[in-house]
Participant: 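This is the structure I want to talk about, given as C-alpha cells.
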Amino acid sequence: MKTQDKDKFEIISEMARRRGFFWPSYEIYGGVSGFITFGPLGSILKRKIEDKFRNFYIRPLGILEIETSVIMPGKVFEASGHVDHFKEPIVECLRCKRKFRADHLLQEFAGMSDTETEKLTLQELMDKINKRNVRCPDCGGDFGEPQQFMTMFATAIGPYSEAVGYGRPEAAQGIFVEFRRLYENVRERLPFGVVQIGHALRNEVSPRQGPIRLREFTIIDVEFFIDPEDPQCPLLKKVENETLRLIIAENKLKGIKEPIEVTVKKALSKRYIKAEWQAFFMAMAKRFLMELQVPEDKQRFIEKLDWERAHYSVQGFDQEVYLERWGWVEVSGHNYRTDYDLSRHMQFSGVDMKVFKETEEEGRRFIPHVVEPSFGSDRLVCIALEYAYKTKEGRALLSLPRELAPTQVSVFPLVSKDGLPERAQQVYQMLINEGFTVEWDESGSIGRRYARADEVGTPLGITIDYQTLEDGTVTIRDRDTWRQVRSKIDELPELLHAYFRHKINFEDLGQLIKR
RNA sequence: GCGGCCGUAGUCUAGUUUGGUUAGGACAUCAGCCUGCCACGCUGACGACCCGGGUUCAAAUCCCGGCGGCCGCACCA
C-alpha cells in the first residue's frame, strides 16, 4: 500500500509504533485486541494531556483529585446498578449464527417497551420469544437459549470464590462510595467536585478500533455535587456566550443530523440543557478540545435518547470529535446523574449520604445531585496526535501544543568535530539541570536530525555551530515554521521557561536569522 | 461469535499462482569516512517467512489446526 492510499489513522499508527507513542500489547504472543501499550513518548504525552486537563478543568474549580482501587467488591456494583445493567441478553440464530439483543428483538417485533423487557429473566425472554414467534430477522431461523453477556470483568477476591469482585467499568463509583469523607474534606460545602483519573475495564465483545475502543483504558471521571434546590452555576458568566453545536434528542428523532448552534445562555433558556452546571462543563469541554487544536466545526454534542442513556442518567450528551478514519468519535460524556448513585449506596450500605444545609428557618437534609463530565484519556491522545499531524515539504510534522510535546528541546552539534559536540554537551546538561526534557542527537546530517525531531513534535531545536565557539550564542529553530533565531546560551534558561509557559513566543527568543 | 480476505526484519514490501541456489529491495537504526542549517553521499553492520502439525528428497510457497489482524454482520452499560 502506498503512502497516499493510507488514511491518517494508518499513518499515525505506524508512526506511533515506530517512534514509541503506542502499539498493541502482547505482540510477542500475537496480541489481544483491546489492549495497548503506551511507549516512552506516548506515556509522556498522555501524562501531559492529563496534566493540562488538571490545570484547565480541575484546578480553577478547586476540584479534589483522588485515587481508588480498580477492583471493587460486588456490592458496590450491585448498588450502582451495573450488575443488573452492565450486561446484555443475547440470542443466537441457530441457522445463520447471527447474534441479537433479545430485548431489542422483543421491542421491535413484539411491541414491548424497554421498561418491560428490562425486567425479564432469561427464561422469560425465551418464553416471550417463543410465544410471540419471534424469528431471526435475517434468515427466519429459530433462536437458541438467551445468554447474558456481562461487560464487567469479574474476579474472586482472595481465596473465597463467593467474594465476588469486579474491575470497575468507570472510576465514578470510587468517588461515590467515599462521598462522606470527601464531603468532610471540603468542610461540608456544596457545590464541590471530585475527579479521578485512572484505569477502567470493560470487556467489550469485539473491540476493533485500535486505541479508540479498549478493554482497559484510562477514564477521567469528574463528579460534581450540587444542591438540587440551588442549581445555579456562578461561573456561568464565563462561558454563557460560548456557542455549542448541539444535536438535541427531538431533532435526532426527526432524523436531523445537522447540529443547531446556540450559545450556552440560549441552550439553557430553551431548556435544551437542563442543568446549568452541565452546560458549564460542556462549554469547558469544548474549550478543552480546542486547546488540543480541534476546531469548533469538528466538535459537536449529541443528546442521548431515553433508551440510549445509561441507567443512572436523566439527561446525557456525548461530546464528539471528528476523526478521519472513525468519523464522529465520543470523547466525553456529560450526564446528569441526579442523586441516583448516592441514594443507591445509602440504600445498600445503610450509611446516611444526606447532607445538612442551614436555612433561615431550620435547615434541611437532602442527598446532593451529581453532574458528571467524563473523558476518555486514550482517545484524547489519539485526537491530539491526529490534529497535530501535518506534512511540510513531504516530511511529517507533529505540531503539538508546546506544553504537550513529550520532548521540549533537542540539542544538536552542527557537526561532530572541532569541539562542537563538547560545547553542545554543556548546553544539553545545563538544560537538563534546568528541568527541561531534552533530547541529544548528533547522528546524521543536521537536516535529518531536524526532521527526526519534527516527527515527534519537539517544538525547539538548539544547534551549536562555529559561531557558538566565538560568541557563546546558539541558533534556536521553530518546528512549525523552520525559522531560526540566535540567542545567548546564558539567557536560554529564562527564555525557554518563559516560552514553555506561553509568556513569550518564538520570535521573542532571539534575533531572527535571515537566510 | 459468524463470513470473506490476510499474516515475510523496526516500517513498507518482492517472492506464494507453478514447492527447488545464500529469501531480494527500500526506508529506518548502528559504526566509520564525510559534514558549515533542513530526510546529502560513500562503505560496512544488525535484522524477517505468526505458531504447531502434516504432505514431500525438499515448504515462505501445498494441506489441517491454532493465534492474531483487516473488512462486513452482530456487539458497544
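Numbered from 1 within each chain, the chains take letters A, B, ... in sequence-line order.
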Participant: If pairing requires Watson-Crick or G-U wobble contacts with both distances under 3.5 Å, which nucleotide is the partner of B:C49?
Facilitator: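 Per the H-bond distance test, none.
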Participant: Should A:Tyr450 be counted as stacked on B:A39, where stacking needs a ring-centre gap under 5.5 Å and an angle between planes under 30 degrees?
Facilitator: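 The base of B:A39 is not stacked with A:Tyr450 (the test needs centres under 5.5 Å and planes under 30°).
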Participant: So, is A:Arg448 near the phosphate of B:C40, with a side-chain N or O under 4.0 Å from OP1 or OP2?
Facilitator: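 Result: yes.
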Participant: Should the ring pair A:His85 and A:His311 be called parallel, tilted or perpendicular, given that the plane angle runs from 0 to 90° and is split at 30 and 60?
Facilitator: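 Ring orientation, 0 to 90° scale: parallel.
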Participant: Could you measure between the two P atoms, the one in B:A39 and the one in B:C27, and give it in whole Å?
Facilitator: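 After rounding to an integer number of Å, I get 15 Å for this pair.
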Participant: Sticking with atom C1', work out how far B:G7 lies from B:G66, rounded to a whole angstrom.
Facilitator: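 Pairwise C1' distance, B:G7 against B:G66, rounds to 14 Å.
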Participant: Look through every strand shown and name the nucleotide pairing with B:C70 as Watson-Crick or G-U wobble, where both distances are under 3.5 Å.
Facilitator: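 In the structure as shown, B:C70 has B:G4 as its Watson-Crick or wobble partner.
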Participant: Respond yes when some side-chain nitrogen or oxygen of A:Ser443 is under 4.0 Å from OP1 or OP2 of B:C30, and no when none is.
Facilitator: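 The answer is yes; a side-chain N or O of A:Ser443 sits under 4.0 Å from OP1 or OP2.
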Participant: Output yes when at least one side-chain N/O atom of A:Arg449 is less than 4.0 Å from OP1 or OP2 of B:A28, else no.
Facilitator: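 Result: no.
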Participant: So with a 6.0 Å cut-off around CD of A:Gln429, is the heavy-atom count from everything else above 12?
Facilitator: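 Atom CD in A:Gln429 is crowded, with more than 12 foreign heavy atoms closer than 6.0 Å.
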Participant: With rounding to whole Å, what would you report as the distance between B:A23 and B:G68 at their P atoms?
Facilitator: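 Between the two P atoms, the distance is 31 Å.
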Participant: Which nucleotide wins on minimum distance to the side chain of A:Arg486, given the candidates B:C37, B:U35, B:G36?
Facilitator: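 Nearest to the side chain of A:Arg486 among the choices is B:C37.
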Participant: What integer distance in Å separates A:Arg17:CZ from B:C27:P?
Facilitator: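 So the two atoms are 20 Å apart, to the nearest Å.
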Participant: Mapping A:Ala451 and A:Arg325 onto RNA chain B by nearest heavy atom, which one lands closer to the 5' end?
Facilitator: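 Upstream on the strand: A:Ala451.
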Participant: Hey, does the side chain of A:Ser445 come within less than 4.0 Å of B:C40's phosphate (OP1/OP2), counting only N and O?
Facilitator: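 Result: yes.
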Participant: Counting side-chain heavy atoms from C-beta on, which of B:C70, B:C38, B:C30 comes nearest to A:Arg477?
Facilitator: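 Of all the options, the side chain of A:Arg477 is nearest to B:C38.
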